[in-house]
Undergrad: 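Input: one structure, supplied below.
Heavy-atom basis, side chains included; hydrogens, waters and symmetry copies ignored.
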Amino acid sequence: MEIIRFSKEITTYPRREWIKKMALFGIVLSAVPSNLFAIGKKKKNHWLIATVSNKNNNPLPINKSIPFDWNYAEIPSDGEGLKLTWSINEKDLVVKNLYLRISSATDIREDVSISVVLAKSRMLIAKFKMDFAHYFQPFQILIQPEYQHQVFSEGVFLTKTIGEKPLWILIGNDNKTPTILSPHLFLSNSFKEHNQWKKDYCY
């Protein structure tokens with residue numbers, strides 16, 4: 001099972017400098033229509049934005065905030081988890097490499113692991129490692145070929161399996177949160193395409 005974490009370049013920045021960079025990045029994104037990125041990529045069947053359900057957000061602690069009042073959802077540590085689904089006809093897709101992406105909504109100050117479980121068969125298919133993440137930090141995992149059909153037909157649950165504190169990710173189910181940071185599937189037919197996303201975020 002492959003786990004890809006795009007944090008090597010990002011974490012070389014001092015924390016204060018990273019927050020400044022992400023604040024600027026957020027200001028730019030907040031001025032862009034939330035569905036702009038999805039529109040451009042959907043035509044090529046590259047980006048498939050998830051529908052997010054089972055949202056049950058607890059109030060944020062006094063020491064936490066969500067930048068720009070963007071939409072977010074908590075990933076629970078028990079119960080069914082945060083559900084992601086996709087409404088699309090698989091016959092219209094040509095899938096070679098399928099990746100699931102999420103982005104942290106707040107800074108994370110502990111080791112964190114997120115399990116990705118098929119919604120109906122309840123099979124664990126992957127895990128995100130989000131240790132000590134920053135605002136807006138993206139994470140990606142490869143969906144193994146044998147699970148691709150079930151991800152489309154069942155959807156997945158996200159559940160926190162390591163970590164003591166609440167965890168939130170950004171979701172674009174509104175008109176203000178940039179879709180680029182919302183949970184989505186990325187269809188890639190080459191490693192070059194897969195790596196380009198990393199370069200776009202790690203400027």
Undergrad: Should the ring pair Trp47 and His184 be called parallel, tilted or perpendicular, given that the plane angle runs from 0 to 90° and is split at 30 and 60?
TA: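 Taking His184 first and then Trp47, their aromatic rings lie parallel (interplane angle under 30°).
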Undergrad: Counting C-beta onward and ignoring hydrogens, is there a side-chain heavy-atom pair between Asn54 and Phe157 closer than 4.5 Å?
TA: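 Asn54 vs Phe157: side chains touch.
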Undergrad: Output all residues satisfying side chain to side chain contact (heavy atoms under 4.5 Å, CB included) with Ser115, sequence neighbours left out; order by chain, then residue number.
TA: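 Checked Ser115 against side chain to side chain contact (heavy atoms under 4.5 Å, CB included); matches are Val117, Leu124, Lys127, Thr161.
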Undergrad: Could you grab the distance from atom OG of Ser113 to atom NZ of Lys160, nearest 0.5 Å is fine?
TA: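 Nearest 0.5 Å value for the OG-NZ distance: 11.0 Å.
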Undergrad: Set out, in order, the CA-CA distance, both residues' side-chain angles and the distance that settles side chain to side chain contact (heavy atoms under 4.5 Å, CB included) for Trp70 and Ser182, then state yes or no.
TA: CA-CA 11 Å; Trp70 285 347; Ser182 185; over 6 Å; no
Undergrad: With Pro166, which residues qualify under side chain to side chain contact (heavy atoms under 4.5 Å, CB included), at least two apart?
TA: Glu74, Trp168
Undergrad: So, for Tyr99 and Ser188, which heavy atoms are closest and what is the spacing to 0.1 Å?
TA: CE1-CB, 3.9 Å
Undergrad: Is the CD atom of Glu164 crowded by more than 12 outside heavy atoms at less than 6.0 Å?
TA: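 Atom CD in Glu164 is not packed in, count stays at 12 or less.
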Undergrad: Taking side chain to side chain contact (heavy atoms under 4.5 Å, CB included) as the definition, give me every residue that meets it alongside Asn63, ordered by chain and number, with sequence neighbours left out.
TA: Pro61
Undergrad: Any chance you could measure Ile75, atom CD1, to Thr159, atom OG1, to the nearest 0.5 Å?
TA: 8.5 Å
Undergrad: Could you walk me through whether Val151 and Leu100 pass the side chain to side chain contact (heavy atoms under 4.5 Å, CB included) check?
TA: CA-CA 10 Å; Val151 167; Leu100 175 60; over 6 Å; no
Undergrad: Atom CZ in Phe128, atom CG in Leu158: separation rounded to 0.5 Å?
TA: 6.5 Å
Undergrad: What heavy-atom pair brings Ser104 and Ala133 nearest, and what distance separates the two atoms?
TA: OG-CB, 4.0 Å
Undergrad: What pairs of residues pass the salt bridge (Lys or Arg N to Asp or Glu O under 4.0 Å) test when at least one of them lies in residues 56-71, not counting sequence neighbours?
TA: Lys64-Asp107, Asp69-Lys176
Undergrad: Give a yes or no on whether the backbone of Asn71 and the side-chain of Thr177 come within a donor-acceptor separation of less than 3.5 Å.
TA: yes
Undergrad: Hey, what do you get for CG (Leu167) to CD (Glu110), rounding to the nearest 0.5 Å?
TA: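 Leu167 atom CG to Glu110 atom CD measures 8.5 Å (nearest 0.5 Å).
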Undergrad: Please find the pair of heavy atoms, one from Lys55 and one from Leu82, that lie closest to each other, and give the distance.
TA: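 Heavy atoms only, the tightest pair is CG-CD1, 4.0 Å.
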Undergrad: Please test Ile169 against Phe139 for side chain to side chain contact (heavy atoms under 4.5 Å, CB included), starting from the C-alpha separation and ending with a verdict.
TA: CA-CA 11 Å; Ile169 62 172; Phe139 294 84; over 6 Å; no
Undergrad: Pro183 and side-chain contact (heavy atoms from CB on, under 4.5 Å): which single residue from Leu84, Ile49, Leu170 fits?
TA: Leu84
Undergrad: If you measure from CD1 on Ile66 to OG1 on Thr106, what distance do you get to the nearest 0.5 Å?
TA: 5.5 Å
Undergrad: Enumerate the salt bridge (Lys or Arg N to Asp or Glu O under 4.0 Å) contacts for residues 111-126, please, sequence neighbours excluded, ordered by first and then second residue.
TA: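 Checked against salt bridge (Lys or Arg N to Asp or Glu O under 4.0 Å) - neighbours excluded - the pairs reaching residues 111-126 are Glu80-Arg122.
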Undergrad: Could you report the tightest heavy-atom contact between Ser65 and Tyr135, atom names first, then the distance?
TA: O-CE2, 3.5 Å
Undergrad: According to a 4.5 Å side-chain heavy-atom criterion applied to Ile, Leu, Val, Met, Phe, Trp and Tyr, with indirect links allowed, do Ile162 and Ile125 form part of one hydrophobic cluster?
TA: no
Undergrad: Taking only residues two or more places apart in sequence or in another chain, which ones pass side chain to side chain contact (heavy atoms under 4.5 Å, CB included) with Ser121?
TA: Leu118, Met123, Gln150, Glu154
Undergrad: Taking all non-hydrogen atoms of both residues, which atom of Trp86 and which atom of Leu48 are closest, and how far apart?
TA: NE1-O, 2.9 Å
Undergrad: How many angstroms lie between CD1 in Ile102 and CD in Gln137, if you round to the nearest 0.5 Å?
TA: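 Result: 11.0 Å between the selected atoms.
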